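In listed order, ligands and their atoms are each counted from 1. Please read all numbers here as calculations on a predicted model, not as lab measurements.
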Amino acid sequence: MEKKEAQRESARLRSEIERHNRLYYLDTRPEISDFEFDQLLERLIALEKEFPELLTPDSPSQRVGGGITKEFPTVVHREPMLSLSNTYSIAEVTDFCNRVEKLVDAEGGGKPEYVAELKFDGVAISMLYRDGLLVCGATRGDGRQGDEITANLKTIPTIPLRLDMPDMPLFGAALSGEIEVRGEVYMRKADFERLNEERPEEEQFANPRNATAGTLKLQDSSEVSRRRMHFVAYYLKGIADETMHHVERLRQLESMGFVTGKHYKLCKEMTGIAAFIDEWAEKRWTLPYETDGVVLKLNDVTLWDRLGATAKSPRWAIAYKYPAQQAKTVLQGVVFQVGRLGTITPVAELKPVKLAGSTVSRSTLHNFDEIERLGVRVGDYVMIEKSGEVIPKVISVVLAERLETTDAIEVPEACPECGTKLERPEGEVSWYCPNEEGCPAQRRGRILHFASRNALDIQNLGESLVAQLVERGLASDAGDLYRLTLEQLAGLDRMAAKSAHNVLEALEKSKKRGYDRLLYALGIRHVGAATARELSHAAPSIERLREMSQEDLAAVPDIGPVIAQSIRDFFAKPWAQAMLEKLAAAGLPMQAEAAKALLNNNFEGQSVIFTGGLERHVRQQAEEMVRERGGRIVSSVSKKTTLVVAGKEAGSKLEKAKKLGVRVIDEDEFERML
Ligand code: IVH
């Protein structure tokens with residue numbers, strides 16, 4: 001393709017992709033399927049790869065991430081990011097309103113108008129747009145300064161990379177061209193659950209907020225992109241009309257391309273505020289994301305400056321926090337579940353009770369230390385709670401109502417599934433069934449993990465089917481799945497020829513999922529999906545992985561001595577060996593795909609540093625292009641540096657390079673080298 005044509009095509013793709021992005025996230029009425037969307041994006045990425053000079057910082061291709069950030073630089077906020085003071089009762093909210101009204105009155109204002117909004121339970125961030133382009137995004141940090149996480153934020157589809165602002169005069173009175181937007185990054189409940197599913201048990205997040213905070217601090221932005229984060233904006237600064245009220249600012253944010261909270265209410269009186277709080281106390285459980293309260297703020301933004309703030313929180317806003325939802329019920333029994341790694345988990349069987357929008361009849365008791373801590377017995381009345389956590393937990397025993405007929409909860413001596421004597425390794429809180437190979441629960445767990453969505457995603461291979469396969473001796477590990485015949489499958493309970501056929505088809509499809517997915521599917525302890533991807537780069541074949549020493553493994557990013565040991569242990573197990581042989585024989589990908597099309601080697605042997613601002617490239621991508629062409633990226637100029645790419649306003653690094661006599665090139669020359 002000619003460059004001219006490529007330019008036209010990439011511009012067309014960009015605007016087409018942004019349009020579909022808006023249709024999907026803002027208007028929630030998509031016109032094309034996810035698959036078609038991905039194809040558009042892939043075409044754009046391919047074009048930008050072929051013509052790197054066409055890549056712009058606001059290209060939607062930037063959202064897929066890929067750059068690795070070693071450390072997040074610190075940025076000082078233009079204005080401190082305060083937090084809100086919390087209240088827990090309507091009486092306290094009334095106090096707040098009285099205080100505000102006194103202050104407003106003293107300022108000569110009339111009766112103020114309040115906006116009641118939902119309080120999103122996520123992570124507050126601030127973003128700076130210069131001339132409409134997103135240039136910097138940061139976490140709240142300590143309120144004064146936070147971490148710069150722009151690369152990660154760019155992967156969030158509801159964060160515009162360029163503001164939709166044909167109305168340039170809107171820019172700040174000082175004509176700085178800078179706009180600041182603040183809001184909350186959050187994860188939807190369903191995405192949070194999916195994320196936890198793909199993680200080893202010991203690495204699971206307690207709630208969506210923790211998962212969001214953890215995700216925003218990831219160094220690999222492509223992993224952030226995979227986790228489907230959302231952003232809701234609630235603050236806008238830098239527009240010309242400084243008197244614009246809060247609610248109008250929300251509309252303004254929307255016209256710029258942001259999503260704002262749909263549920264809010266303008267109120268003048270306490271009764272309206274109390275009604276809003278009341279209305280959402282239960283209704284909030286029907287939302288796809290978590291909210292933990294209501295934020296009340298003044299609609300007149302000019303009052304914000306006039307009322308000011310205390311050291312920690314503004315005087316013009318307050319948060320009302322809903323009490324954690326609790327319910328009383330009876331612990332009817334305890335069952336012991338055996339996980340795929342042999343861990344015994346006591347699970348409370350509760351008398352069904354309504355809590356926070358759903359009926360709860362089970363809840364994990366985690367381990368026996370927890371049972372001891374609670375002092376709980378079967379037959380006890382217990383309080384269960386859902387607070388920020390999706391899964392309810394038993395928080396206390398109602399001792400005052402204990403009956404005489406309660407029973408102690410004993411650690412079972414033997415595995416409830418296979419009868420093997422349980423063990424508790426030194427220093428661990430959990431008991432384990434050591435019968436790794438033979439325990440049917442562990443076999444089932446391993447096969448289900450192998451088939452799970454983020455592993456090989458084998459549709460139709462559900463719990464009841466797997467239970468039958470294991471019980472009848474048709475499959476003891478994932479390798480056996482690929483030897484199943486149509487007759488064997490069709491002979492199982494609740495299986496007709498058609499569904500048996502579907503299972504075989506799904507198994508066939510699973511062979512094409514790729515080597516990194518297979519690594520995760522093997523179910524090596526501590527190896528989650530992200531670690532598996534990391535491993536697949538370091539060890540491009542199972543053979544290579546098997547040969548790697550403890551030291552080799554520990555040198556891989558994100559892999560510490562515990563994971564390294566666990567990988568070594570896995571390969572030492574005879575049953576794992578047998579399973580791998582079966583999988584290889586069935587044609588599963590035992591190595592990574594061959595490297596993609598060869599690029600030139602124009603940076604071979606070069607130690608390259610970028611300094612100053614590039615006009616036509618995103619820094620991380622430019623660095624990646626150097627690496628792909630054989631070069632190394634260094635972080636400071638030294639005698640060993642061989643090439644400096646200097647962009648606009650390059651400073652001390654450029655000077656040092658000149659002093660040391662290192663070759664310096666500009667962006668044009670860099671493009672020629674590419
Ligand atoms: S306004 C001065 N509005 O709650 C702070 N905050 O403790 C003004 N939050 O840090 C913030 N939903 O992370 C505002 N609708 C909303 C919010 C909201 C959640 C968070 C935000 C803030 C914390 C306050």
Exercise. Among all protein non-hydrogen atoms, which one is nearest to atom 24 (C) of ligand 1, and what is the separation to 0.1 Å?
Worked result: Leu84 N, 3.3 Å
Exercise. How far is atom 5 (C) of ligand 1 from its nearest protein heavy atom, and which residue and atom name does that atom have?
Worked result: Leu82 O, 3.5 Å
For this session: Could you tell me which non-hydrogen atom of Thr56 sits nearest to which non-hydrogen atom of Asp58, and how far apart they are?
Result: OG1-OD1, 2.9 Å
Exercise. Hey, what do you get for CG (Leu298) to CG (Leu303), rounding to the nearest 0.5 Å?
Worked result: 5.5 Å
Exercise. Among Arg209, Lys189, Lys321, Arg188, which one satisfies salt bridge (Lys or Arg N to Asp or Glu O under 4.0 Å) with Asp121?
Worked result: Arg209
For this session: Looking only at distances, please establish whether an N/O atom of ligand 1 is found under 3.5 Å from an N/O atom of Glu184.
Result: yes
Exercise. More than 12 foreign heavy atoms under 6.0 Å from NZ of Lys351: is that the case here?
Worked result: no
Exercise. Side chain, backbone, both or neither: which part of Asp121 comes within less than 4.0 Å of ligand 1 when only heavy atoms are counted?
Worked result: neither
Exercise. Which of the numbered atoms in ligand 1 are below 4.0 angstrom from a heavy atom of Glu117?
Worked result: 3 (N), 15 (N), 16 (C)
Exercise. Does ligand 1 have an atom under 4.0 Å from some heavy atom of Lys297?
Worked result: yes
Exercise. For ligand 1, which part of Lys119 has a heavy atom less than 4.0 Å away: the side chain, the backbone, both, or neither?
Worked result: both
Exercise. Do Leu118 and ligand 1 have an N or O pair less than 3.5 Å apart?
Worked result: yes
For this session: Compute whether any side-chain donor of one residue and acceptor of the other, for Glu117 and His246, lie under 3.5 angstrom apart.
Result: yes
Problem set entry | Option passing side chain to side chain donor-acceptor pair (under 3.5 Å) with Lys237 (candidates Glu242, Glu79, Glu178, Glu180) | Glu79
Exercise. Under the criterion side-chain contact (heavy atoms from CB on, under 4.5 Å), which of Arg249, Gln252, Glu254 is the partner of Thr260?
Worked result: Glu254
For this session: Only heavy atoms count here, so choose which of Tyr186, Tyr235, Tyr234 is nearest to atom 18 (C) of ligand 1.
Result: Tyr234
For this session: Would you kindly say whether Glu269 and Thr271 are connected by a side-chain donor-acceptor distance under 3.5 Å?
Result: no
Exercise. How far is atom 12 (N) of ligand 1 from its nearest protein heavy atom, and which residue and atom is that?
Worked result: Phe120 N, 3.0 Å
Problem set entry | Trp316 N/O under 3.5 Å from ligand 1 N/O | no
Problem set entry | Under-4.0 Å heavy-atom contact with ligand 1, by part of Val295 that carries it | side chain
For this session: Assess Lys265 against Phe276: is NZ or CZ under 6.0 Å from the centre of the six-membered ring, and within 45 degrees of the ring's axis?
Result: no
Exercise. Of all the non-hydrogen atoms in the protein, which one sits nearest to atom 10 (O) of ligand 1, and at what distance?
Worked result: Ala124 CB, 3.8 Å
Exercise. Do any N/O atoms on Ser83 end up under 3.5 angstrom from N/O atoms on ligand 1?
Worked result: no
Exercise. Ring pair (Phe, Tyr, Trp, His ring centres under 6.0 Å) with Phe120: which of Tyr264, Phe231, Tyr289?
Worked result: Tyr289
For this session: Give the numbers and elements of all ligand 1 atoms closer than 4.0 Å to a heavy atom of Pro314.
Result: 2 (C)
